[in-house]
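Excluded from the calculations below are hydrogen atoms, water molecules and symmetry mates; all remaining heavy atoms, backbone and side chain alike, are included. Not measured: the values here are computed from a predicted model.
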Amino acid sequence: MVIPFRDRGFKYGDAAFDMTRTFGGEPFRLKEHVDRLFRSLRYLRIDPLLSPAEMVTISEGWVARPQPGIF
């Protein structure tokens, strides 16, 4: 991976994140969280390289995976 020296994330630490939690093994308002994340990314002009629907699908896949040591 090559990061251009003019990349704002590298130079200034531009970033966006969002978190959600689960209730009964189901993500809480996942689509709303992903939509908010994508609004922030758009504002910062950061291309996430996937669609909001793909992000939801990937996130749901991670939640469905067995987590060793978590009861």
Checklist entry - What heavy-atom pair brings Leu44 and Ala16 nearest, and what distance separates the two atoms? => result CD1-CB, 3.9 Å
Checklist entry - For the atom pair CG (Asp47) and CG (Leu41), what is the distance rounded to the nearest 0.5 Å? => result 9.0 Å
Next on the checklist: I need the Met55 CE to Leu49 CG distance, nearest 0.5 Å.
Outcome noted: 10.0 Å
Checklist entry - Does atom CZ of Arg36 have more than 12 heavy-atom neighbours from other groups under 6.0 Å away? => result yes
Item to check | Point-to-point distance, once rounded to the nearest 0.5 Å, from CG of Leu37 to OG of Ser59 | outcome: 9.0 Å
Checklist entry - Which pair of non-hydrogen atoms, one from Val34 and one from Val56, has the smallest distance, and what is that distance? => result CG2-CG2, 3.9 Å
Item to check | Minimal non-hydrogen separation, Ala15 against Ile46, with atom names | outcome: CA-CD1, 4.4 Å
Checklist outcome for this item: Nearest heavy-atom approach of Thr22 to Gly25 is CB-C, 4.3 Å
Item to check | Ile58 to Leu50 - nearest heavy-atom pair and separation | outcome: CD1-CD1, 3.7 Å
Next on the checklist: Pair Asp35, Lys31 - check salt bridge (charged side-chain N to carboxylate O under 4.0 Å, His left out), show working.
Outcome noted: CA-CA 6 Å; Asp35 289 343; Lys31 184 180 180 318; 2.9 Å; yes
Checklist entry - Closest heavy-atom contact between Pro48 and Phe38? => result CG-CE2, 3.3 Å
Next on the checklist: Counting C-beta onward and ignoring hydrogens, is there a side-chain heavy-atom pair between Thr20 and Arg29 closer than 4.5 Å?
Outcome noted: no
Checklist entry - Is the cationic atom of Arg21 (NZ for Lys, CZ for Arg) positioned less than 6.0 Å from the six-membered ring centroid of Phe23 and within 45 degrees of its normal? => result yes
